[in-house]
Structures are given as C-alpha cells and as structure tokens.
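Structure first, commentary second.
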Amino acid sequence: MDPLRIIDNEPWYKEGLRFKCTGCGKCCTGPGYVWLSKEDIDRLAKHLKLSKEIFLKKYTRQVGFDVALLNDPETVDCIFLKDKKTCTVYESRPKQCRTFPWWRDNLSSLKEWEEEGTRCEGINHPEAPLIPCSEIKKNLH
C-alpha cells in the first residue's frame, strides 16, 4: 500500500499544506545529491550557454548509473548556490529542486512533514498560502 494514502484512499494532506519559499537557501546547503534527468541537463547546459558535454564535465558527477550535480568543494553546498542563499540557475533549476518540498519522503506522514519543517522555514510558515492537494499531487516527486 502506498504510504501516502490513508484508509479512505486520500492522502493525509488532502486538505492541503502550507508552504512558501522564503529563498533562504537552506535546502541547497550541505552534502547531498541533486539528481539530473536528461531534460535537466539540456536545460542547464542551455542556460549556462555550454555544450552538454562541457556542462557534464564541469558541473556533474556520475553516481552509479545516475548523474548528479557537483557539490562546492569548499562548502559541500550545491555548486550553483551563491552566498549560501542565491541559486544562480534558479530559472533553469532541476526538477528535484522545482518540486521541493513535495517529495514522497516529506509527505509520507505528518511527522515527516513536520520534521522537514525543522530544516525548511517555508513549511508551515505563518505567511504561507494553503497549497491545495491537487497542486501538491501535480508536483509530487
């Protein structure tokens, strides 16, 4: 059974959730993986005005059979995070970034959602709009 469902086949967040990106950059800091699809690679290479081959060599790493963005060697933050706050490729950011915080792990339970909220100030932010369940489902990653 899908952990995002409850007995009546509705997700626990069926009434929606409050989220507002504050642009704090915390979701881009620290070690981790930003996985890239072919579409992400094409979009980022075009944004940076690089060939796909040069983009891959300069900004990515192979992890098993998958491709991920590099982390900054000094800070271990995302290679495209500037001053711990600004995404330098925001308009062309990967799907993984575009869909945050609507990730299956974050939505598996209210407890997980609240736990992610300890790291992301936009989750349940006092000024955050209520995002309808239909919109959350469209962005589920």
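Note that the structure is predicted; figures quoted are calculated from it, not measured.
- Judged purely by atom type and a 3.5 angstrom limit, Asp40 has no side-chain atom pairing as donor or acceptor with the backbone of Pro94.
- Hydrophobic clustering keeps Val76 apart from Leu70 (ILVMFWY residues linked when any side-chain heavy atoms are closer than 4.5 Å, directly or through intermediates).
- Distance alone, capped at 3.5 Å, places no donor-acceptor pair between the Glu15 side chain and the Cys133 backbone.
- Under the 3.5 Å distance criterion, with hydrogens and angles disregarded, no donor-acceptor pair is assigned to the side chains of Asn139 and Arg98.
- Relative ring orientation between Phe100 and Trp103 is described as perpendicular, the plane-to-plane angle rising above 60° on a 0-90° scale split at 30° and 60°.
- Without hydrogens or angle criteria, Glu112 side chain to Glu116 main chain gives no donor-acceptor distance under 3.5 Å.
- Aromatic ring centres of Tyr59 and Phe80: separated by under 6.0 Å.
- With salt bridges taken as basic N to acidic carboxylate O contacts below 4.0 Å, none links Glu114 and Lys111.
- Thr118 places a side-chain N or O within 3.5 Å of a backbone atom of Glu115 that can act as its donor or acceptor partner.
- Remark: side-chain polar atoms of Gln62 are paired, donor with acceptor, to backbone N or O of Gly64 under 3.5 angstrom.
- Hydrophobic clustering keeps Val34 apart from Tyr90 (ILVMFWY residues linked when any side-chain heavy atoms are closer than 4.5 Å, directly or through intermediates).
- Salt bridge status for Lys95 with Glu39: absent, with no side-chain N to carboxylate O gap under 4.0 Å.
- Residue Lys82 places its NZ atom among 12 or fewer non-hydrogen atoms of other residues, nucleotides or ligands, all under 6.0 Å distant.
- Between the side chain of Arg93 and the backbone N or O of Thr88, no donor-acceptor pair lies under 3.5 Å.
- Judged by distance alone, with hydrogens and angles left aside, the side-chain atoms of Asp83 form no donor-acceptor pair with the main-chain N or O of Lys85 at under 3.5 Å.
- When side chains are defined from C-beta on, Pro132 does not count as touching Leu130, because their heavy atoms never get closer than 4.5 Å.
- For the pair Asp77 and Thr29, the tightest heavy-atom approach, listed with the atom from each and the gap, is OD1-CA, 3.2 Å.
- Ion pairing of Asp42 with Lys38 is present here, as a side-chain N (NZ or NE/NH1/NH2) and a carboxylate O approach within less than 4.0 Å.
- Listed for the Arg119 side chain is no donor-acceptor partner under 3.5 Å among the backbone atoms of Lys26.
- Residues Trp12 and Leu140 share a single hydrophobic cluster, defined by chaining ILVMFWY side chains whose heavy atoms lie under 4.5 Å apart.
- Aromatic ring centres of Trp113 and Trp102 lie closer together than 6.0 Å.
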